[in-house]
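Working notes, structure below.
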Amino acid sequence: MLVTSRSAAEYRAMFALTDTDLAGSVLDCCAGGASFAAETGDRVIAVDPMYALEDHVLAARVRAAIRDGDAIIAAHADRFEWTWYGGIEQRRVLRHAAGERFIADLTAHPDRYVPGALPELPFVTGSFDLVLCSHLLFTWSDRFDEDFHRRALAELVRVARREVRIYPLVVQATGEPVEYLDRLCEELRADGHDVRLQQIAYRFQRGAQEMLRIRPATAD
């Protein structure tokens, strides 16, 4: 999977985040090279398995991934919607700036970046008011099976005090629906969690117009 460096502006759009949403503690899982924690501050903790790497190795990997991502987008620009970004160059500038901000913050504030991966996160139950999961679950359903998703969703709910938000909900590259999304949502509802899909204004990957919101049964 390609390491990505998304900005706080992209996070706010993808997850329809408001200042109120970000008033409490937030987990970004799995964050990759995103600058969301760097831009938002100490109330955000980012988790990703690659944070176990040495800083200089991680920085090199992030920069290489940004360049690879640029090449992929340029080669397949017609597969994407450009209303939010405005065009390829605007996206490129945003992603490169986000990557550099992440790299700088990794050195300045290492405590914000915790090595870890789904479906077993290194946090106690109810650690965060809001848990965000960007471009991992569902979109990589061609690599991670239904049981992985079931366990990962349970883990995200476990560490969330108030809410989990997940985006996108379609298969990467193709934009096709995920066959077991509805089934897993029904299982979560059966366990007493409030589960719903919400339309968002952010547009890029075709078909990716909704996020998943889960309010744990234990939420206050």
Do W140 and L121 land in one hydrophobic cluster if side-chain heavy atoms of ILVMFWY residues count as linked below 4.5 Å?
yes
Calculate, to the nearest 0.5 Å, the distance between atoms CD and OH belonging to E81 and Y202 respectively.
10.5 Å
Return each pair, listed once, that meets ring pair (Phe, Tyr, Trp, His ring centres under 6.0 Å) where at least one residue sits in residues 19-43; pairs must be two or more places apart or across chains.
Y11-F36
Does T4 reach the main-chain N or O of R6 with its side chain, forming a donor-acceptor pair under 3.5 Å?
no
One should read off an interatomic distance between C30 SG and L118 CG, to the nearest 0.5 angstrom, of 5.0 Å
Check P168 against A208 and note the closest heavy-atom contact, atom names and distance.
CB-CB, 3.8 Å
Does T125 form a side chain to side chain contact (heavy atoms under 4.5 Å, CB included) with V159? I'd like the steps, not just the answer.
CA-CA 5 Å; T125 298; V159 299; over 6 Å; no
Honestly curious: do V44 and F123 fall in one hydrophobic cluster under the side-chain, below-4.5 Å linking rule?
no
For A31 and A46, work out which heavy atoms get closest and say how close.
CB-CB, 3.6 Å
In terms of heavy-atom contacts, A37 and Y113 come closest through CB-OH, 3.9 Å
With the side chain counted from C-beta on, respond yes when Q198 and E210 share a heavy-atom pair under 4.5 Å apart, and no when they do not.
no
Between the CG atom in L188 and the CG atom in L212, the distance rounded to the nearest 0.5 Å is 7.5 Å
What I want to check is whether the side chains of Y180 and D145 have a donor and an acceptor closer together than 3.5 Å.
no
Which value, rounded to the nearest 0.5 Å, describes the distance between L181 atom CG and L197 atom CG?
6.0 Å
Determine all donor-acceptor pairs shorter than 3.5 Å in which one atom belongs to a side chain in residues 13-26; sequence neighbours excluded.
| residue | atom | partner | partner atom | Å |
| --- | --- | --- | --- | --- |
| T18 | OG1 | T20 | N | 3.4 |
| T18 | OG1 | D21 | N | 3.1 |
| T18 | OG1 | D21 | OD2 | 3.2 |
| D19 | OD1 | R12 | NH1 | 3.3 |
| D19 | OD1 | R12 | NH2 | 2.9 |
| D21 | OD1 | R165 | NH2 | 3.2 |
| D21 | OD2 | T18 | N | 2.9 |
| D21 | OD2 | R165 | NH1 | 3.3 |
| D21 | OD2 | R165 | NH2 | 3.4 |
| S25 | OG | D129 | N | 3.0 |
| S25 | OG | D129 | OD2 | 3.3 |
| S25 | OG | R161 | NH2 | 3.0 |

Distance-only criterion, 3.5 Å: show the donor-acceptor pairs between side-chain atoms of residues 49-63 and protein atoms not counting sequence neighbours.
| residue | atom | partner | partner atom | Å |
| --- | --- | --- | --- | --- |
| Y51 | OH | G32 | O | 2.7 |
| R63 | NE | E100 | OE2 | 2.8 |
| R63 | NH2 | E100 | OE1 | 2.9 |

Close side-chain approach of L184 and L153, heavy atoms under 4.5 Å:
yes
Working note: H96 + D70, criterion side chain to side chain donor-acceptor pair (under 3.5 Å); need CA distance, chi angles, decisive distance, verdict.
CA-CA 10 Å; H96 281 257; D70 289 345; 2.6 Å; yes
Contact between S141 and H149 at the side-chain level, heavy atoms closer than 4.5 Å - yes or no?
yes
Any link between L156 and I45 through a network of hydrophobic side chains (Ile, Leu, Val, Met, Phe, Trp, Tyr) touching at under 4.5 Å?
yes
Could you check R203 against T83 for side chain to side chain donor-acceptor pair (under 3.5 Å), going step by step and ending with a plain yes or no?
CA-CA 7 Å; R203 294 289 184 272; T83 53; over 6 Å; no
More than 12 heavy atoms from other groups under 6.0 Å of CD on E120:
no
Checking side chain to side chain contact (heavy atoms under 4.5 Å, CB included) for the pair V170/Q205: CA distance, chi angles, key distance, verdict?
CA-CA 9 Å; V170 296; Q205 183 182 7; 3.8 Å; yes
For a ring-ring contact (aromatic ring centres under 6.0 Å, His included) check, start with the C-alpha distance between F138 and Y167, then their side-chain angles and the critical distance, and finish with the verdict.
CA-CA 8 Å; F138 301 112; Y167 176 85; over 10 Å; no
Measuring only between side-chain heavy atoms, which start at C-beta, is H193 closer than 4.5 Å to R189?
no
How close do V47 and C29 get, heavy atom to heavy atom, and via which atoms?
CG1-CB, 3.5 Å
Would you kindly confirm whether I166 and L27 end up in one hydrophobic cluster when ILVMFWY residues are joined by side chain heavy atoms under 4.5 Å apart?
yes
So which atom in S5 and which in I66 form the shortest heavy-atom distance, rounded to 0.1 Å?
OG-CD1, 3.6 Å
Within a strict 4.5 Å, meaning less than it, do heavy atoms of the E89 and V93 side chains meet?
yes
Go through the steps to decide whether R91 and F204 satisfy the test side chain to side chain contact (heavy atoms under 4.5 Å, CB included), and finish with yes or no.
CA-CA 10 Å; R91 176 196 171 278; F204 187 50; 3.7 Å; yes
Walk me through whether E186 and R183 qualify under salt bridge (charged side-chain N to carboxylate O under 4.0 Å, His left out).
CA-CA 5 Å; E186 287 305 315; R183 183 159 58 244; over 6 Å; no
Interatomic distance, CZ@R112 vs CG@D28, rounded to 0.5 Å, equals 12.5 Å
Can you tell me how far the CG atom of L130 sits from the CG atom of L132, to the nearest 0.5 Å?
4.5 Å
Looking only at heavy atoms, which two atoms of A8 and S35 are closest? And how far apart?
N-OG, 4.0 Å
Do the side chains of R151 and D147 get close enough for a salt bridge, i.e. N-O under 4.0 angstrom?
yes
Linking I/L/V/M/F/W/Y whenever their side-chain heavy atoms sit closer than 4.5 Å, directly or via other members, would L137 and V157 fall into one cluster?
yes
Could you walk me through whether V178 and L169 pass the side chain to side chain contact (heavy atoms under 4.5 Å, CB included) test, one step at a time?
CA-CA 7 Å; V178 176; L169 306 177; 6.0 Å; no
List the steps, then state whether side chain to side chain donor-acceptor pair (under 3.5 Å) holds for Y85 with E10.
CA-CA 9 Å; Y85 288 102; E10 290 167 284; 2.3 Å; yes
